Number of protein chains: 2
Amino acid sequence: MPISPRRATLIEVAKMAGASKTSVSRFFGTERDKLSAELQQRIGESAKSLGYRPNQMARGLKGGGSRLLGMLVADIRNPFSVAVMHGVELACRDYGYALIVCNTDNDPALEQQHLATLATYQVEGLIINAVGQPGQALQALMESGVPLVLLDRDISRLNAEVIGLDNALAIDMALAHLSRQGYRSILYVSETPERASARQERLQRFGEQAEAMGLGNQTLILSHSELPSCETALAMYVEQQADSPCAVLCGNGTTLLTMAKCFKRLNLSMGPVGLMGIDELEWCELLTPGITTLAQPTDGIGRDSVACLISQLARNKPSPPYQNRHAPRLIIRGSTAP
Amino acid sequence: MPISPRRATLIEVAKMAGASKTSVSRFFGTERDKLSAELQQRIGESAKSLGYRPNQMARGLKGGGSRLLGMLVADIRNPFSVAVMHGVELACRDYGYALIVCNTDNDPALEQQHLATLATYQVEGLIINAVGQPGQALQALMESGVPLVLLDRDISRLNAEVIGLDNALAIDMALAHLSRQGYRSILYVSETPERASARQERLQRFGEQAEAMGLGNQTLILSHSELPSCETALAMYVEQQADSPCAVLCGNGTTLLTMAKCFKRLNLSMGPVGLMGIDELEWCELLTPGITTLAQPTDGIGRDSVACLISQLARNKPSPPYQNRHAPRLIIRGSTAP
DNA sequence: CTGAAAGCGCTTACAG
DNA sequence: CTGAAAGCGCTTACAG
């Protein structure tokens, strides 16, 4: 049973340095330069020898702010979400914030609960990859003035900034590429678009743009990604197009994985039947002959989410620039060479 | 410029309910049942109508504890780490803790920095997937009595609990399977084992056990996973074994990905040359003919890490059981069918 | 069962 | 440039 030596406190540092609490507080706050060189020296040394670091909980309680940001992720096991989180982390570090991450596992109830918890910790800003509709927890948070950014998914009737991929551009780039490669007819595969605005935007743009380009177009919605029925749908589609070269465009990583499995089961070879996806995953280059993708700039999306929060927090001070819609990067591989 | 209505405070609830601060505090703490039914009712109603939730920062400042756990991840983009984090999250929710996650990107300096930050937030416990050696930040934390669990990687001269895969068992299971399938000679591929005890344990057990089973055995250490040199090494190995069936066993997901790429570049077919990995990844079943793996029980590892922390926190109260070494699950696919 | 009071470790007007 | 004092929103002995 170790006698745990408590962490040193501001008072102890003040005592040791022969200074006031106020001065020590200034030393660790934003007013260090208002202290004489000599005082700074004394405080610095005392603090060091005591291993002192300000208690952030106490700081947050008074006017200091919690220096805490919250992030709500719909599915933490989705590589895209994690990649964005990586960018968020990087930016937090730069701005001196710590990050509380909550995974909602796509459960709206859990989302509400986590939101309440986050409020409890007095987070100064919130990055939300929403799964449900606003709900009272979020309303309360907004009303209490906490800055918000919506990641990838918009929420109707909530006027917060949305940061993510430029969905229209992504679809346009994909269709341009597929058309250039000679595919005349495209099947777009999406997860159920109800709750995710990004999915809706992509789906809608696909219809419009394919039409505008004179490409054949159909849509397949995966509800529970039940493999057998996907397989059937894919087989039927390909058969229908027997005469002209066709391709499958997947709206995200999950659908791409599902469709890649279907290709395999049906023994379809990629290329002759095109396959392309939004989101770059580690196995895309591994699968013969390589899958063409649109990579999202995940670090950038993450960083800009934080930058957006910081701007809202800054109010009048000069604040970092950020972008709402990010352009994808086309990675061409064998799966779109007929 | 919205006038942000501050969140309600304990005092306001007390005032509205015509009760004392103490009673309101008790209502939201562990002594609610010491309050008369009538008082409970009044406080409950007032709190509800004010939308009151206790400020966790203030609670933590007094004796309440921060109800915050910290997790340090060496590489957040590693699917294994994320999967474990998922388990940690689940358990945190059960025990009523929130989680601050810090990614060290395999940088010991960053690790130190994050550790200091975590201390600043008064985390009550720490789950560490270490990259560096202890360092003063960790020492200080330990000495101040913060419970610690080491994830997957041990740190010499730190007597904290280590939770992770049963590495010896994993290697034994892998070798037993490969031997059963008829492979007579195995190449074990590992990342540099210096800083990661799990890698060391697997590597060492591999040598011992393969020897004991009378299997040919060699080792390949990937330092920067430079593809061309791996490719050469693999080609040479396979050539040497021309006479007897041989297999490649990968120590983790990263090395498995690298080796799968080498197989592809060399046009080696999996099965005739065996391929197997520790860690189950989404593409393992996708790659023809499917890669045999040992899946780690990541949720369990995550949950037990938290359980271990809780036990240390509980001291005398009954605390949850947990396991230090977890058994993997063998998933047999075509890559180990000669 | 209930409450008045002290105090957790800080910051921030306010004075000098 | 420096400090004494009040107070952030809670919890916890201590008393009744």
Side-chain angles (χ1 to χ4, degrees), chain A residues 4-44 46-47 50-68 96 119-124 144, chain B residues 4-44 46-47 50-68 96 119-124 144:
Chain A
S4 19
R6 290 179 311 81
R7 225 164 274 129
T9 164
L10 192 158
I11 294 203
E12 302 175 50
V13 175
K15 206 163 287 175
M16 178 163 174
S20 71
K21 286 163 54 184
T22 310
S23 295
V24 178
S25 176
R26 286 197 175 111
F27 183 86
F28 286 98
T30 54
E31 312 184 274
R32 179 180 300 190
D33 37 332
K34 291 188 179 166
L35 266 32
S36 69
E38 197 226 357
L39 226 201
Q40 285 190 39
Q41 162 111 9
R42 264 160 41 216
I43 295 177
S46 305
L50 290 170
Y52 172 74
R53 299 214 64 200
N55 176 333
Q56 188 57 50
M57 301 299 255
R59 276 183 137 165
L61 195 51
K62 195 66 190 176
S66 65
R67 309 269 344 159
L68 223 40
T120 261
Y121 283 97
Q122 318 293 118
V123 293
E124 294 186 50
S144 76
Chain B
S4 17
R6 288 179 315 78
R7 224 164 273 131
T9 163
L10 191 159
I11 293 202
E12 304 175 48
V13 176
K15 206 163 287 173
M16 178 163 175
S20 70
K21 286 164 55 183
T22 311
S23 295
V24 179
S25 175
R26 286 195 175 110
F27 183 87
F28 286 98
T30 54
E31 310 182 276
R32 180 179 301 191
D33 36 331
K34 292 188 179 165
L35 266 33
S36 68
E38 195 227 356
L39 226 202
Q40 286 189 39
Q41 162 111 11
R42 262 159 45 214
I43 294 177
S46 306
L50 289 171
Y52 171 75
R53 299 214 64 201
N55 176 332
Q56 189 56 50
M57 300 300 255
R59 275 182 137 166
L61 194 52
K62 194 68 186 175
S66 64
R67 310 267 347 158
L68 222 41
T120 262
Y121 283 97
Q122 318 295 116
V123 293
E124 293 186 51
S144 76

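Here the structure is a predicted model, which means the values were calculated and not measured. A note on names: the letters A, B, ... follow the listed sequences, proteins ahead of strands, and every chain is numbered from 1.
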Exercise for the section: Select one nucleotide: of D/dG9, C/dC10, C/dG3, the one nearest the side-chain heavy atoms of B/A19. Expected result: C/dG3

Problem - For DNA chain D, the residues among residues 36-43 of chain A that have a non-hydrogen atom under 4.0 Å from it - result: A/S36, A/L39

Practice task
Round to the nearest Å and state the distance from B/K34 atom NZ to D/dT12 atom C1'.
Solution key: 11 Å

Practice task
To the nearest 0.5 angstrom, please state how far the CZ atom of A/R32 sits from the CD atom of A/Q40.
Solution key: 6.5 Å

Practice task
Answer with base, sugar-phosphate or nothing: what part of the nucleic acid does B/T9 contact at a heavy-atom distance below 4.0 Å?
Solution key: sugar-phosphate

Exercise for the section: For residues A/E12 and A/R7, report the shortest heavy-atom separation together with the two atoms involved. Expected result: OE2-O, 4.2 Å

Handout entry: N/O (side chain, B/S25) to phosphate O (OP1/OP2, D/dT11) under 4.0 Å
Key = yes

Practice task
Answer yes or no: does a side-chain N or O of B/S23 lie under 4.0 Å from OP1 or OP2 of C/dG3?
Solution key: yes

Practice task
Determine: side-chain N/O of A/T22 to OP1/OP2 of D/dG3, distance under 4.0 Å, yes or no.
Solution key: no

Practice task
Looking at every strand, decide which applies to B/Y52 at a 4.0 Å heavy-atom threshold: base, sugar-phosphate, or nothing.
Solution key: sugar-phosphate

Completion exercise
Whole-Å distance, B/N55 CG to D/dG7 P, equals 18 Å

Practice task
Measure from CD on A/Q122 to P on C/dC10 and round the result to the nearest Å.
Solution key: 18 Å

Handout entry: Rounded interatomic separation in angstrom, taking CE from A/M57 and P from C/dT11
Key = 14 Å

Problem - Between P of D/dT11 and CD1 of B/I11, the distance in whole Å - result: 12 Å

Fill in the blank from the handout: Among D/dG3, D/dG9, D/dC14, the one nearest any side-chain atom of B/R26 is D/dC14

Completion exercise
Value for CD (B/E31) from CZ (B/F27), rounded to nearest 0.5 Å, stands at 13.5 Å

Exercise for the section: Could you tell me the separation between the CG atom of A/L10 and the CD1 atom of A/I43, rounded to the nearest 0.5 Å? Expected result: 9.0 Å

Practice task
Using the closest heavy atom to pick a nucleotide of DNA chain D for each, name whichever of A/K21 or A/L35 lands nearer the 5' end.
Solution key: A/L35

Handout entry: Side-chain heavy atoms of B/R67 within contact of A/Y121, under 4.5 Å
Key = yes

Problem - Any A/L61 side-chain heavy atom under 4.5 Å of A/M57 side chain - result: no

Exercise for the section: Please determine, for C/dT2, whether a Watson-Crick or G-U wobble partner exists with both distances under 3.5 Å, and give it or none. Expected result: D/dA15

Problem - Rounded distance [0.5 Å steps], OG in B/S46 versus CD in B/Q41 - result: 10.0 Å

Handout entry: Gap between atoms CZ and P, on A/F27 and D/dG3 respectively (whole Å)
Key = 14 Å

Completion exercise
From CZ of B/R53 across to P of D/dC10 the rounded distance in Å is 12 Å

Problem - Nucleotide C/dA6, atom C1' - distance to NZ of B/K62 in whole Å - result: 7 Å

